Amino acid sequence: MGVILTPADTLVQGVLGGNRLHLARTISRVENQEQDAHAILASLYPHTGHAHIIGVTGAPGTGKSTLVTTLAQSYRQAGLTVGVVAIDPTSPFTGGALLGDRVRMRALAGDPGVFVRSMATRGSLGGLSKTTGDVVTVLDAAGFDRIIVETVGVGQAEVEIASTAHTTLVVEAPGLGDEVQAIKAGILEIADILVINKADRPGLDRTLRALEMMLEIERGSVRMIRHHGQLMRVEMPAALADSLSEDENRWQVVVMKTVATGGSGIFELRERIEAHRTWLLDSGEIVVREQLRIANTLENIVRAELNRRILASMPAAGMDGVVEAIRRRETNPYTAAEGLLRHVK
Ligand SMILES: Nc1nc2c(ncn2[C@@H]2O[C@H](COP(=O)(O)OP(=O)(O)O)[C@@H](O)[C@H]2O)c(=O)[nH]1
Ligand SMILES: [Mg+2]
């Protein structure tokens, strides 16, 4: 409709040359999965691998967007450039938390060393949008030193962020009470740093104790055992616990306290993130994380492409016909699936 699209080559050159308008357009094109999106990403890919990617996840309202904003400002003070990707589930009532994020992150506007992109998950509950990894690729190619990805932690999403980021922050807030107790064990597996934000709020000590106890259990100095059906906390002799967690090369997950609105604890948090980055590089663990990231990316691309091909090769009413045939027991889902796959080119 009279819209002249910027050629892909121009966009790629623009992104690599630091043109913000071209960067924004490229991200839109990637996000909307336009036809030339893969070609653009393929051209940008050789220029990636520079950024350190920081995932920030946690329940809604824990102050993640505020924390990301303050953290980005802190990185700017240290002379580093920052790309931010904020992902929020779309709310059918307010049109999404995007508006709130934009307001929250307004403090970052006007700084050429920062680029903020808000994305909606379009229906799915929290988690990563399908194209989050691609947007990170674009920002990485654009040369940002740190890329911060904010996601709402809803079950599986927490695990997804860990395979996208180099360093994962899990954010809690005091006063969530039972919620802290209910944190799934999985969260400790993905957290490189635990953050209690809103440390100015009542209930800090209780939250801190709950998280530290979970960490102790993880470290092995405390064991939970079942005795006559009751869960009991048993302290191991310090020497035994020490010998079990003697491994000096292991990263120690700690709990950090922050007040994102006032800025306290932010410098220490930044230092801890940087310490994790240094540990990843020195220990060689960075290779493992990169392999995980790449395998995840590859799998997503293959799955999306297969999906597209299956849909494209299916006759318009094909699926309905097959479903009906299965309902009448003329065939079964297993044989029918084989048949559908045979048409995929
Ligand atoms: N008291 C206090 N409020 C905070 C703090 N950090 C964020 N908030 C407030 O908590 C609310 C939710 O923050 P937001 O960053 O949108 O949380 P998100 O949903 O996790 O992204 C906002 O009103 C913030 O101003 C903090 O450290 N202390
Ligand atoms: Mg938010």
Side-chain angles (χ1 to χ4, degrees), residues 53-75 82-109 114-129 132 135-136 146-155 157-158 160-162 164-165 167-177 179-180 182-183 187 190-191 193-208 211 255-270 272-273:
I53 302 155
I54 303 156
V56 178
T57 190
T62 47
K64 296 178 300 298
S65 298
T66 316
L67 188 69
V68 166
T69 305
T70 323
L71 193 59
Q73 287 171 326
S74 179
Y75 269 119
V82 185
V84 175
V85 186
I87 302 142
D88 256 314
T90 325
S91 150
F93 306 108
T94 63
L98 291 182
L99 217 61
D101 273 352
R102 289 212 180 109
V103 171
R104 217 93 63 224
M105 295 184 178
R106 200 156 48 195
L108 300 172
V114 179
F115 190 92
V116 180
R117 184 64 165 214
S118 297
M119 296 172 75
T121 47
R122 298 203 176 121
S124 80
L125 264 180
L128 298 191
S129 151
T132 307
V135 173
V136 169
R146 300 289 177 269
I147 297 172
I148 311 179
V149 183
E150 176 195 339
T151 59
V152 177
V154 187
E158 289 152 356
E160 282 177 47
I161 187 71
T164 301
T167 302
T168 300
L169 274 52
V170 175
V171 184
E172 294 289 334
L176 295 181
E179 220 165 287
V180 170
I183 300 173
I187 211 151
I190 67 146
I193 301 169
L194 282 168
V195 182
I196 305 181
N197 186 46
K198 302 197 179 184
D200 55 330
R201 306 278 298 162
L204 172 66
D205 286 347
R206 195 165 157 239
T207 307
L208 188 63
L211 287 179
V255 185
M256 311 281 300
K257 288 170 279 184
T258 59
V259 181
T261 39
S264 95
I266 300 298
F267 172 78
E268 290 79 2
L269 179 59
R270 190 188 89 203
R272 191 69 191 156
I273 296 168

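Both counts, for ligands and for their atoms, begin at 1 and track the order of listing. Everything quoted here is computed from the prediction, not taken from an experiment. We count residues from 1, following the sequence as given.
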(request) To the nearest 10 degrees, calculate the angle at the Mg ion (ligand 2) involving OG of Ser65 and OE2 of Glu150. (result) 80°

(request) Would you check if Val56 and Leu169 make a side-chain contact, meaning some heavy-atom pair closer than 4.5 Å? (result) yes

(request) Between Val171 and ligand 1, find which residue part has any heavy-atom pair under 4.0 Å and reply side chain, backbone, both or neither. (result) neither

(message) Could you walk me through whether Thr66 and Asn197 satisfy the side chain to side chain contact (heavy atoms under 4.5 Å, CB included) test, starting with their C-alpha distance in whole Å, then the side-chain angles of each, then the deciding distance to 0.1 Å, before giving a yes or no?
(response) CA-CA 10 Å; Thr66 316; Asn197 186 46; 5.5 Å; no

(request) Please indicate whether any nitrogen or oxygen in Gly63 is less than 3.5 Å from any nitrogen or oxygen in ligand 1. (result) yes

(message) So, regarding Ser65 and ligand 1 (criterion: nitrogen or oxygen to nitrogen or oxygen, under 3.5 Å), is there a contact or not?
(response) yes

(request) Report yes or no: does Lys64 contribute a side-chain atom to a donor-acceptor pair with the main-chain N or O of Gly58 at less than 3.5 Å? (result) yes

(message) Do Val82 and Leu108 have side chains that approach each other closer than 4.5 Å (heavy atoms only, starting at C-beta)?
(response) no

(request) Over all heavy atoms of both residues, which pair between Ile54 and Ala165 is shortest? Give the atoms and the distance, please. (result) C-CB, 4.1 Å

(request) Considering the heavy atoms of Glu150, write down every atom of ligand 1 situated less than 4.0 Å from one of them. (result) 21 (O)

(message) Just so I know, are the side chains of Arg206 and Pro174 near enough to count as touching, which here means a heavy-atom distance under 4.5 Å?
(response) no

(request) May I ask which of Thr258, Ile266, Thr261 has a heavy atom nearer to atom 25 (O) of ligand 1 than the others do? (result) Thr261

(message) Show the atoms of ligand 1 that are less than 4.0 angstrom away from any heavy atom in Lys64.
(response) 15 (O), 17 (O), 18 (P), 19 (O), 20 (O), 21 (O)

(request) Give the atoms of ligand 1, by number and element, whose distance to some non-hydrogen atom of Ala260 is under 4.0 Å. (result) 6 (N), 26 (C), 27 (O)

(message) If the cut-off is 4.0 Å to any non-hydrogen atom of Thr62, which atoms of ligand 1 fall inside it?
(response) 20 (O)

(request) Say whether Leu67, considering both its backbone and side-chain N or O atoms, lies within less than 3.5 Å of an N or O atom on ligand 1. (result) no

(request) Looking only at distances, please establish whether an N/O atom of ligand 1 is found under 3.5 Å from an N/O atom of Gly61. (result) yes

(request) Answer whether the closest heavy-atom distance between the side chains of Val135 and Val149 falls below 4.5 Å. (result) no

(message) Does any part of the side chain of Thr132, heavy atoms only, come nearer than 4.5 Å to the side chain of Thr151, both counted from C-beta?
(response) no

(message) For ligand 1 and Arg201, I'd like to know whether there is a polar contact (N/O to N/O, distance under 3.5 Å).
(response) no

